[in-house]
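Everything below concerns the one structure shown next.
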Amino acid sequence: MPADKPLKVIYNKLLSHFGRQHWWPARTPFEVIVGAILTQNTNWSNVEKAINNLKTAVNPADRDKSIGLLTPEKLYRCKLSDLAVLIKPAGYFNIKAGRLKNFMDWFFENYDGDLERLFNKNISSLREELLSVRGIGPETADSIVLYAAEKPSFVVDAYTYRIMFRHRLIPEEITYDELKAFFEESLQSDVKLFNEYHALLVRLGKTYCKKTKPQCTICPLGDLPHD
DNA sequence: TGCCAGGCCGGGT
DNA sequence: ACCCGGCATGGC
């Protein structure tokens with residue numbers, strides 16, 4: 001019997017140490033998309049405040065004055081400047097308001113604001129199309145594909161890179177696509193697995209593998225090589 | 001208090 | 001093809 005691959009071993013350790021993470025922390029696929037853009041280089045607790053603002057806001061441009069902007073139609077009709085104020089707690093609010101608008105414009109122009117239509121594509125063309133939107137890079141695209149469309153695209157982020165590098169499992173100069181391929185070639189292509197694995201890496205990173213704290217003696221992966 | 005957080009873009013080499 | 005500055009708030 002061949003031993004399990006290192007990435008599978010790590011997954012099992014993380015899962016038994018932390019338990020299931022129940023990602024993505026959102027109620028609807030559309031909310032996942034908005035959150036994915038808002039959380040770029042930003043603490044999730046700040047994103048929650050911004051999401052909450054969007055949930056409880058009323059769009060002045062709407063005639064019905066109903067509560068909440070977290071539907072495609074509502075967000076699409078929201079002015080850029082109103083959006084920027086609402087998402088302020090998430091940081092980079094001018095940039096991110098523009099990115100949300102870019103996505104919404106593209107989404108309505110090409111898919112009439114219909115998520116079913118957008119997600120009714122094969123995984124690679126969905127990813128490519130998302131990447132063509134200004135403000136959606138590889139991590140955001142993969143997050144949308146995995147957590148909103150629920151297709152098996154492994155999400156790489158700063159924690160993934162840092163954890164893998166510190167355990168000497170990857171070279172320092174590896175690219176996003178190479179690291180993504182490393183995971184996808186080592187694991188079964190399974191939405192639930194990719195979902196849980198990325199969430200667990202983020203959990204590990206937040207807990208034990210922050211940028212300034214190179215030494216980690218109590219990491220649950222401690223028996224692996226470690227700098 | 002300064003540093004960090006679930007990136008990405010655009011301009012300069 | 002890289003490299004780097006800019007973008008910004010809230011928490012520890």
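Lettering of chains follows the sequences in order, A, B, ..., and the numbering in each one begins at 1. Any value given below was found using the heavy atoms of this structure, including those in side chains, with hydrogens, waters and symmetry copies removed.
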Check each residue of residues 138-145 of chain A for a non-hydrogen atom within less than 4.0 Å of any atom in DNA chain B, then write out the ones that pass by number, or none.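 Under 4.0 Å from DNA chain B: Pro138(A), Glu139(A), Thr140(A).
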For residues 28-42 of chain A, which residues have at least one heavy atom under 4.0 Å from DNA chain B?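 Within residues 28-42 of chain A, the residues near DNA chain B are Thr39(A), Gln40(A), Asn41(A), Thr42(A).
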Can you tell me if Ser124(A) and Asn122(A) form a side-chain donor-acceptor pair at under 3.5 Å?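 Yes - a donor-acceptor pair under 3.5 Å links their side chains.
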Would you say [X]'s side chain and [Y]'s backbone share a donor-acceptor pair under 3.5 angstrom?
| X | Y | result |
| --- | --- | --- |
| Asp190(A) | Lys192(A) | yes |
| Thr207(A) | Arg203(A) | yes |
| Tyr92(A) | Asn41(A) | no |
| Lys96(A) | Ala84(A) | no |
| Arg162(A) | Cys209(A) | yes |
| Glu196(A) | Gln21(A) | yes |
| Arg99(A) | Val133(A) | no |
| Asn120(A) | Glu116(A) | no |
| Ser16(A) | Lys13(A) | yes |

Which pairs, with at least one residue in residues 139-152 of chain A and sequence neighbours excluded, count as a side chain to side chain donor-acceptor pair (under 3.5 Å)?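 Listed by first then second residue: Gln40(A)-Thr140(A), Arg127(A)-Asp142(A), Asp142(A)-Ser153(A), Asp142(A)-Tyr176(A), Asp142(A)-Lys180(A).
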Round to the nearest Å and state the distance from [X] atom [atom1] to [N] atom [atom2].
| X | N | atom1 | atom2 | result |
| --- | --- | --- | --- | --- |
| Lys211(A) | dC3(B) | NZ | C1' | 9 Å |
| Asn46(A) | dA5(B) | CG | P | 13 Å |
| Asp157(A) | dC4(B) | CG | P | 17 Å |
| Tyr176(A) | dC3(C) | OH | P | 20 Å |
| Lys206(A) | dG10(C) | NZ | P | 18 Å |

Please work out whether the ring planes of Phe154(A) and Phe183(A) are parallel, tilted or perpendicular, with thresholds of 30° and 60°.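 Parallel: the ring planes of Phe154(A) and Phe183(A) meet at under 30°.
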So Tyr111(A) and Phe107(A), would you call those rings parallel, tilted or perpendicular, with 30° and 60° as cut-offs?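 Judged by the thresholds at 30° and 60°, the geometry between Tyr111(A) and Phe107(A) is tilted.
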Checking side chain to side chain contact (heavy atoms under 4.5 Å, CB included) between Leu126(A) and each of Ile144(A), Leu118(A), Leu131(A), which is the one that passes?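 For Leu126(A), the side chain to side chain contact (heavy atoms under 4.5 Å, CB included) check succeeds only for Leu118(A).
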C1' atom, dC3(C) versus dA5(B): distance in rounded Å?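 Here dC3(C) and dA5(B) have their C1' atoms 22 Å from each other.
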Please report the distance separating the P of dA8(C) from the corresponding atom of dT1(B), rounded so that it comes out in whole Å.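 Straight-line distance between the two P atoms is 23 Å.
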Nucleic acid contacts of residues 182-203 of chain A, taken as heavy-atom distances under 4.0 Å to DNA chain C: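 By residue number: none to list.
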Let's see if you get this right: which residues in residues 86-104 of chain A place a heavy atom under 4.0 Å from DNA chain C?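 Hits under 4.0 Å, by residue number: Lys88(A), Pro89(A), Gly91(A), Tyr92(A), Phe93(A), Asn94(A), Ile95(A).
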Please determine if a side-chain N or O atom of Arg162(A) lies less than 4.0 Å away from the OP1 or OP2 oxygen of dC4(B).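 Answer no for this pair, as no side-chain N or O of Arg162(A) is under 4.0 Å from OP1 or OP2.
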Paired stems touching DNA chain B, three or more consecutive Watson-Crick or G-U pairs with both distances under 3.5 Å?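 Expected stems, ordered by start: B:2-5 with C:9-12, B:7-13 with C:1-7.
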